Amino acid sequence: MINHVRVRYAPSPTGEPHLGNIRSALFNWLYARASGGQFIVRIEDTDRARLVEGAQDSILDALRWLGLDWDEGPGMEGEYGPYIQSERQALGIYQEHTDWLIENDFAYQCYCSPERLAAMRQAQQAASKSPGYDRHCRDLTEKERAEFLKQSPSPVVRFKMPTDGDIVIDDVVRGEVKFDSALLDDFVILKSDSFPTYHLANVVDDHLMKITHVMRAEEWLPSAPRHKKLYEAFGFAMPELVHLPIILGPDRSKLSKRHGATSVIYYRDQGYLSSAMLNFLAMMGWSLDDSSEILSREQLLTYFTLERIHASPAVFDKDKLEWYNGMYIRDMDPKTLSEQLIPYLEADVTGLPASVARPIDREYLTAIVPLERERLKRLSEAPEMFEFFFTDDLEYDQALLIQKGMDADGARAAAEQALAVAEAASDWSTDGLEVAYRALVEETGLKAGQLFGTIRTAISGRTATPPLFDMMSVLGRERVIARLQAAARAR
RNA sequence: GGCGCAUUCGUCUAGUGGCCCAGGACAUCGCCCUCUCAAGGCGAAGAUCACGGGUUCAAAUCCCGUAUGCGCUACCA
């Protein structure tokens, strides 16, 4: 049986790659790969006014980052190209199809001015009638057309929708959905700049590119009946429709900039791992069972099915994304993590202080990483978290040296004693240091928490750190001694 | 306003007529571990399955209605 799956991701280059948008790309990709089909990327740049410079690159970057490779599309020319609609427009593809529709009485030129349309809409609203084009130009005589054409030489083209009867579309996720034709107007398929609207371009290209499944966000469901009529007029076979649930913000409206960052690129830059993002995105609108939370790319590929796509919308939960990220960070080996951390650490403004020489010591870094790994939620937290390992002069509130039940003199004394032990230590390993300092606890009569707390602050400048002796061992005797000396001098 | 879709813990979800006085995960809280912070382990709290009617011996699951939310209603996608 030859039912070769071909799906597509068709972004409009009008901004940053939106989380919801990339989630659609992911589902398409997953389905293509899971079924041995093809994943096609098509750039829908028919809105010349809203085009954003660089948006296409940034969308493709997001795809590459997540490892969503495409079989045909920009940079991967296949037999159904070109894959950028403006290039297809230049080839006359949409014009030809539009002409055919007009010749066969499925479409007509409309000469109505934007002013007339606006006035019409206003009147409809005032009379609280359902809005829609009044078909003013649908049944003009040849003579009238010629007359109007003189006044508006670049008309739009509208598609003739049926005026009554139901249009039933079949959606894989939602089943049959019925629309009343009387409520659907004659929509524009070709704009006055001779670029197609989404509806025309989408139907024509999906057919020409042999797309078998149209998987897109739910907000497109209301336009499905228009597309169906277009397919019928052309005599094209209808692809399967799969409308994905929308991704919502915390206030339950469609996720948008006012909810904060929505760009996948932003999350990448913040230090979210692509594996975590992939897993998280997959679980928004799809799930495997009652217990699987962590699913690798490979597992996703083997388990993904259309049947398990949800119908109801999902709220974007940043906390859960962070949890996923932490899980995946902890799962990384120190070497790989170190490499990924370097750009964040060496970055100019957001990285380690300028006083820290670049490139940073890779070996030292690799020793630090195992100590901090389980504390990292985002790679971008590393500079702040690792800073004390690299800087020579620690700045901190010296009151932090004084532990519960101690006074300033006690803290100074503790630092001095700790210093003496550091200077005398013969074994600088984690275990060796622990033996030496446990002995000091006995000797001083301080509580372990008190002594260790003072040392912790002395050598790190903070109260929350990795385990003390691991930290001392990695910092090295020289740094530890210098820092204990400073603490002993504290006043 | 019209049309459409959706509706299980705060959030993501399991659940397709009896296994459910509803299971898991995130977040929250507590305990344990412990030199701090994490991580981890254990536990708690949290859902009258939106509401109201049916159908059935039996409904979160099927049907009808209502409500609420969201989406669409452009020469934007």
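A, B, ... follow the sequence lines: proteins, then strands. Residue 1 opens every chain. Since this is a predicted model, take the numbers as computed values, not measurements.
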Practice problem: Have a look at A:Gly285 and say if it touches a base, only the backbone sugar-phosphate, or nothing, with a 4.0 Å heavy-atom cut-off. | Solution: sugar-phosphate
Practice problem: Please state how far atom CD1 in A:Ile169 lies from atom P in B:G4, giving the value in whole angstrom units. | Solution: 12 Å
Quiz item: Hey, is the side chain of A:Lys191 poking within less than 4.0 Å of OP1 or OP2 on B:C76, counting only N and O atoms?
Solution: yes
Quiz item: Do the rings of A:Tyr198 and A:His227 sit parallel, tilted or perpendicular, given the 30° and 60° boundaries?
Solution: tilted
Quiz item: Going by modelled atom types, is there a donor-acceptor pair between the base of B:C5 and the side chain of A:Arg174 at under 3.5 Å?
Solution: no
Quiz item: So, the side chain of A:Ser253 versus the backbone of A:Gly249: is there a donor-acceptor pair under 3.5 Å, distance only?
Solution: no
Quiz item: In Watson-Crick or G-U wobble terms, both distances under 3.5 Å, what is the partner of B:G40?
Solution: B:C32
Quiz item: Does B:A39 have OP1 or OP2 sitting under 4.0 Å from an N or O in the side chain of A:Lys377?
Solution: yes
Quiz prompt | Contact list for residues 161-171 of chain A, test side-chain hydrogen bond (donor to acceptor under 3.5 Å, both in side chains), sequence neighbours left out | solution = A:Asp171-A:His243
Quiz item: What nucleotide among B:C76, B:C37, B:C5 has an atom nearest to a side-chain atom of A:Thr197?
Solution: B:C76
Exercise. Taking only the side-chain heavy atoms of A:Arg308 (C-beta and beyond), determine which of B:G15, B:C75, B:A27 contains the nearest atom.
Key: B:G15
Practice problem: Establish, yes or no, whether the cationic atom of A:Arg226 lies under 6.0 Å from the six-membered ring centre of A:Phe159 and within 45° of the ring axis. | Solution: no
Quiz prompt | From B:C76, B:G4, B:U36, nucleotide with atom closest to A:Arg456 side chain | solution = B:U36
Practice problem: Figure out the CD/C1' separation between A:Glu372 and B:U36, and round it to whole Å. | Solution: 12 Å
Practice problem: Ignoring backbone atoms, establish whether A:Lys178 has a side-chain N or O less than 4.0 Å from OP1 or OP2 of B:C5. | Solution: no
Exercise. For A:Tyr9 and A:Asn21, test the side chains for any donor-to-acceptor distance below 3.5 angstrom and give the result as yes or no.
Key: yes
Quiz item: Within the distance-only criterion (no hydrogens, no angle test), does the side chain of A:Arg477 pair as donor or acceptor with the backbone N or O of A:Ala422 below 3.5 angstrom?
Solution: yes
Self-check item: Complement of B:C20, any strand, by Watson-Crick or G-U distances under 3.5 angstrom
Solution: none
Quiz item: Paired with B:G46 by Watson-Crick or G-U wobble geometry, both distances under 3.5 Å: which nucleotide is it?
Solution: none
Quiz item: Hey, is the side chain of A:Thr463 poking within less than 4.0 Å of OP1 or OP2 on B:U36, counting only N and O atoms?
Solution: no
Quiz item: Under 3.5 Å, is there a donor-acceptor pair between the A:Ser429 and A:Asp431 side chains?
Solution: no
Quiz prompt | Separation of B:A39 P from A:Leu371 CG (nearest whole Å) | solution = 16 Å
Quiz item: Using purine N1 to pyrimidine N3 plus N6-O4 or O6-N4 for Watson-Crick, or N1-O2 and O6-N3 for G-U wobble, each under 3.5 Å, what pairs with B:C3?
Solution: B:G71
Quiz prompt | Side-chain N or O of A:Thr46 closer than 4.0 Å to phosphate OP1/OP2 of B:A77 | solution = yes
Quiz item: Want to settle it: does A:Trp286 or A:Pro11 sit nearer the 5' end of RNA chain B, counting the closest nucleotide to each?
Solution: A:Trp286
Exercise. Take A:Arg138 and A:Asp185 through the test salt bridge (Lys or Arg N to Asp or Glu O under 4.0 Å) and record every step on the way to the result.
Key: CA-CA 11 Å; A:Arg138 178 155 162 155; A:Asp185 68 352; over 6 Å; no
Practice problem: Select one nucleotide: of B:A27, B:A77, B:C35, the one nearest the side-chain heavy atoms of A:Asp319. | Solution: B:A27
Quiz prompt | Residue A:Arg121, side-chain atoms from C-beta onward, closest of B:U11, B:C75, B:A77 | solution = B:C75
Quiz item: Taking any strand in view, what nucleotide pairs with B:U56 in a Watson-Crick or G-U wobble way, both distances under 3.5 Å?
Solution: none
Self-check item: Minimum-distance nucleotide to A:Glu293 side chain [options: B:G10, B:G24, B:A77]
Solution: B:G24
Quiz item: How long is the line joining CG of A:Asp290 and C1' of B:C20, in whole Å?
Solution: 13 Å
Self-check item: Who pairs with B:G65 - Watson-Crick or G-U, where each distance is under 3.5 Å
Solution: B:C51
Quiz prompt | Complementary nucleotide for B:G10 - Watson-Crick or wobble, under 3.5 Å | solution = B:C26
Quiz item: From B:U36, B:U7, B:A14, pick the nucleotide closest to the side chain of A:Ser312?
Solution: B:U7
Quiz item: How would you list, by chain and number, every residue that makes a side-chain contact (heavy atoms from CB on, under 4.5 Å) with A:Pro13, sequence neighbours excluded?
Solution: A:Ile43, A:Asp45, A:Leu51, A:Ala55, A:Gln56
Practice problem: Give the rounded distance in Å between these two atoms: CD of A:Gln85 and C1' of B:C76. | Solution: 13 Å
Quiz item: Can the positive tip of A:Arg308 be found less than 6.0 Å from the middle of the six-membered ring of A:Phe304, inside 45° of the ring normal?
Solution: no
Quiz item: Closer to the 5' end of RNA chain B via nearest nucleotide, is it A:Leu221 or A:Arg438?
Solution: A:Leu221
Practice problem: Would you tell me if any nitrogen or oxygen in the side chain of A:Arg462 comes within less than 4.0 Å of OP1 or OP2 on B:C37? | Solution: no
Exercise. Among the candidates B:U7, B:C12, B:C75, find the nucleotide nearest to the side-chain atoms of A:Lys320.
Key: B:C12
Exercise. For nucleotides 60-73 of chain B, just jot down a letter per nucleotide in 5' to 3' order: B, S or -, based on protein non-hydrogen atoms under 4.0 Å.
Key: ----------SSSS
Self-check item: Minimum-distance nucleotide (side-chain atoms of A:Asp47 versus B:A39, B:U36, B:C76)
Solution: B:C76
Quiz item: B:U16 P sits how many Å from A:His310 NE2, rounded?
Solution: 14 Å
